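Data block below; observations after.
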Amino acid sequence: MKIAIDTRFPENHHHEGFAYFLEEVLKILVMKNSHHEYIFICDHPLFSQTDLDKNVIVINTSKSSSSKIWRIIKTKSLLKKHNPDIFISCNGSGIYFSQAPHCLIINDLSFLYSSSFTKKIFSFHINRITRLNLQNAGSIVTFSRLVKKDIVASFNVIEEKITVLPFLLKSKFLPINENEKEEVKNKYTQGKNYFAYSGPIQAEKNIINLLKAFSIFKKRQKSDWRLLLSGSLAKNNKKFTKTLNAYKYREDVVIADASEEDKIKITGSAYAVIFPSSWESTGAAVLGPMNCQVPVIASINSSMQEVAGEAALLINPADYADMAEKMMLLYKDESLRNNLVEKGKISAAQNNPERAAELLWKAIRDAFRSGKIS
């Protein structure tokens with residue numbers, strides 16, 4: 001069987017964790033099914049030909065593949081030239097590309113939850129295309145049972161067609177020693193303990209409710225602890241920036257647009273990491289702190305809860321008082337913190353690339369057997 005795999009995704013949807021997932025899982029998949037031929041279509045450093053066997057062709061397209069029209073033309077040309085038996089799309093696209101059966105990997109349905117009018121118009125267009133892609137795919141792969149539920153409910157897709165894969169923990173997330181923790185705290189929080197959030201610093205991630213929760217924590221505990229936001233501050237959201245600048249405890253909020261290496265150290269040195277967002281396409285973010293032996297506070301009924309299970313304190317993201325209560329609970333109860341750390345180590349260990357590769361291969365075979373033509 002000749003298998004074409006498009007590993008490209010739009011620049012504005014680039015997710016380092018997703019790229020890491022593709023690299024690790026696809027290498028295992030190729031190695032365990034080496035009697036097949038593979039064609040990888042890439043536009044970013046994902047594979048080196050020396051990493052793979054002779055039965056693998058790596059086609060590196062230019063960065064202009066981020067243009068949708070260029071991507072369609074180029075992909076059609078490549079598939080016509082190589083004539084694969086099955087096409088796997090890792091960017092949620094498929095209807096334009098292949099007359100072969102295809103397996104669709106989709107990890108982002110955030111457009112379903114757009115709030116602004118402009119985003120809703122954009123979402124309407126994306127919704128139509130996504131519906132066609134999902135309904136015409138021979139099989140679908142995603143990374144959350146909640147996303148699977150959304151696909152079934154919103155796009156009239158049968159549940160049996162969808163496979164949920166475990167996301168992967170980057171191996172760099174490891175526990176750090178006390179001396180390193182002190183260095184991180186001295187660098188970012190003047191030696192103070194802190195709660196951390198890692199990700200885009202914008203209103204859509206429910207950061208305003210996190211700030212409100214931190215206010216309650218500061219008032220009630222009279223603590224010198226800090227809140228460290230690790231990520232880039234949204235520059236196009238003036239309202240949010242104004243709210244942050246007027247925040248009563250602004251001096252106790254640290255914005256760290258840190259390197260990837262420092263973000264890992266910030267995570268590993270935190271007293272706890274908080275994920276206040278009410279919707280995420282995967283729960284992968286919680287894996288890092290859990291493997292760093294740092295407790296997690298995460299939103300209930302989210303993909304993060306799926307991954308963390310009992311290894312996290314769960315919050316209602318719409319209720320900042322509940323969020324504050326969980327922060328204070330961890331602050332006061334060291335045994336609870338230690339218990340969460342132990343459970344987190346177990347949960348993090350369950351997400352492994354071998355299992356993900358096995359499930360992905362099953363989805364590919366299901367798509368091939370379906371004979372579904374896009």
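All values derive from a computational prediction rather than experimental measurement. Below, each value reflects all heavy atoms present in this structure, side chains not excepted, and no hydrogens, waters or symmetry copies.
Within 6.0 Å of CZ on R250 lie more than 12 heavy atoms contributed by other residues, nucleotides or ligands. Within 6.0 Å of CD on E180 lie more than 12 heavy atoms contributed by other residues, nucleotides or ligands.
Of the listed residues (F195, Y194, Y249, F214), just one forms a ring-ring contact (aromatic ring centres under 6.0 Å, His included) with W225, and that residue is F195.
In this structure a side-chain-to-backbone donor-acceptor pair under 3.5 Å is missing from R365 to L360. Without hydrogens or angle criteria, D252 side chain to R226 main chain gives no donor-acceptor distance under 3.5 Å.
For the pair I255 and I201, the minimum side-chain heavy-atom distance is below 4.5 Å. The closest side-chain heavy-atom distance from I39 to V56 is not below 4.5 Å.
Taking 4.0 Å as the cut-off between side-chain N and carboxylate O, K32 and E354 count as a salt-bridged pair. A salt bridge does not link E358 to K362: none of the charged nitrogens lies less than 4.0 Å from a carboxylate oxygen.
With sequence neighbours left out, A285 forms a side chain to side chain contact (heavy atoms under 4.5 Å, CB included) with F275.
Residues K326 and I315 come closest through the heavy atom pair CG-CG2, 3.4 Å.
Y320 and N206 form no side-chain donor-acceptor contact under 3.5 Å, judged by distance and modelled atom types alone.
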